[in-house]
Amino acid sequence: MSIQGDVKRNDVGQTITGPWLHALPTVDATVNGPSTYAFVAGATLAAGDCVVLNSSSKFVLTDANTASLYLGLKGIVVIGGASDAYVLVALPHSIVYLTAFATLTVGTSYFLSETAGALTATMPTTGTSGQVRVGVSVHADMMYVTMDSATVVSGA
């Protein structure tokens with residue numbers, strides 16, 4: 001087998017396409033993989049904020065407390081901006097390099113926090129909060145973004 005560009009070919013000539021990450025980002029505020037500049041901020045957003053696309057097609061801070069804020073298209077802000085400015089958001093299956101991350105512990109899973117826009121290494125356990133794994137740290141300043149489906153904490 002050989003890898004050529006974004007296409008992987010095997011010995012029988014079958015072509016397999018997929019999201020191939022060829023290199024890790026090495027410069028602050030960069031992303032390798034799916035990302036978008038297609039939507040604007042619904043409020044001022046900073047690099048490292050966890051966001052969700054709201055019903056007005058604007059990215060807003062997400063948190064684990066409210067279903068409307070943890071269900072839907074989620075990502076991590078790579079390049080922030082003021083309200084109504086276009087922002088760069090890393091989407092699931094990308095790798096993000098941000099010095100704006102608090103120092104991450106390599107190999108640790110991070111979750112949506114119950115604090116708007118924040119990450120936590122501790123899975124939320126309050127009431128009906130959503131448990132959403134945002135990603136896994138692969139370096140002190142780098143995360144593989146997963147944005148797993150939410151599991152709702154059973155009532156407490």
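Scope of the values below: all heavy atoms of this structure, side chains included, with no hydrogens, waters or symmetry mates. Just so you know, residue 1 is the first one in the sequence shown, and it goes up from there.
Side-chain heavy atoms closer than 4.5 Å link hydrophobic residues (I, L, V, M, F, W, Y) into clusters, and following such links, even through other members, never connects V51 to V132. Linking Ile, Leu, Val, Met, Phe, Trp and Tyr whenever their side-chain heavy atoms come within less than 4.5 Å leaves V96 and V89 in two separate clusters. Residues V31 and L53 do not share a hydrophobic cluster, defined by chaining ILVMFWY side chains whose heavy atoms lie under 4.5 Å apart. Grouping the Ile, Leu, Val, Met, Phe, Trp and Tyr side chains by contacts below 4.5 angstrom, directly or via other members, places L45 with L91. Under the 4.5 Å side-chain heavy-atom criterion for ILVMFWY residues, a single connected hydrophobic cluster contains both V134 and V152.
Of all heavy-atom pairs spanning S129 and N65, the tightest one is OG-OD1, 3.6 Å. Considering all non-hydrogen atoms of both residues, G42 and V60 come closest at CA-CG1, 4.1 Å. Counting all heavy atoms, side chain and backbone alike, S137 lies closest to T105 at CB-O, 3.3 Å. Between A41 and G81, the shortest heavy-atom distance links the atoms CB-O, 4.3 Å. Contact between D84 and V40 at its shortest, heavy atoms only, is O-CG1, 3.5 Å. In this structure, V106 and A140 approach most closely via the heavy-atom pair CG2-N, 4.1 Å.
Of the inter-residue distances, the one linking Y144 atom OH with L24 atom CG reads 12.0 Å to the nearest 0.5 angstrom. In this structure, the separation between CZ on R133 and OG1 on T151 is 11.0 Å, given to the nearest 0.5 Å. Here the straight-line distance linking atom OG1 of T103 with atom CG of D141 works out to 6.5 Å at 0.5 Å rounding. Taking SG of C50 as the reference point, atom CE of M147 lies at 5.0 Å (rounded to 0.5 Å). Summarising the geometry, atom CZ belonging to F101 is positioned 6.0 Å from atom CG belonging to L119; distances are rounded to the nearest 0.5 Å.
Looking at K74, its side chain does come within 3.5 Å of a backbone N or O of Y70 through a donor-acceptor pair. Side-chain atoms of S56 do not come within 3.5 Å of backbone N or O of K58 as any donor-acceptor pair. Using modelled atom types, no side-chain atom of N32 and backbone atom of P25 make a donor-acceptor pair closer than 3.5 Å. Remark: side-chain polar atoms of Q131 are paired, donor with acceptor, to backbone N or O of P124 under 3.5 angstrom. Side-chain atoms of D49 never come within 3.5 Å of backbone atoms of V77 as a donor-acceptor pair (strictly under, hydrogens ignored).
T30 is not listed as a side-chain neighbour of V78, based on a closest heavy-atom distance of 4.5 Å or more. Between Y97 and M143 the shortest side-chain heavy-atom distance does not fall below 4.5 Å. Put simply, the side chain of I95 reaches to within 4.5 Å of the side chain of M142, judged on heavy atoms. In this structure the side chain of L98 reaches within 4.5 angstrom of the side chain of D28, judged on heavy atoms. You'll find the side chain of P92 stays beyond 4.5 Å of the side chain of T146, heavy atoms only.
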- Please assess T115 against D63 for the test side chain to side chain contact (heavy atoms under 4.5 Å, CB included), listing each intermediate value before the final yes or no. CA-CA 6 Å; T115 302; D63 67 50; over 6 Å; no
- Could you go through the side chain to side chain contact (heavy atoms under 4.5 Å, CB included) check for L73 and V52 one step at a time? CA-CA 6 Å; L73 178 64; V52 64; 5.8 Å; no
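Not counting sequence neighbours, the partners of F59 by the ring pair (Phe, Tyr, Trp, His ring centres under 6.0 Å) test are F39.
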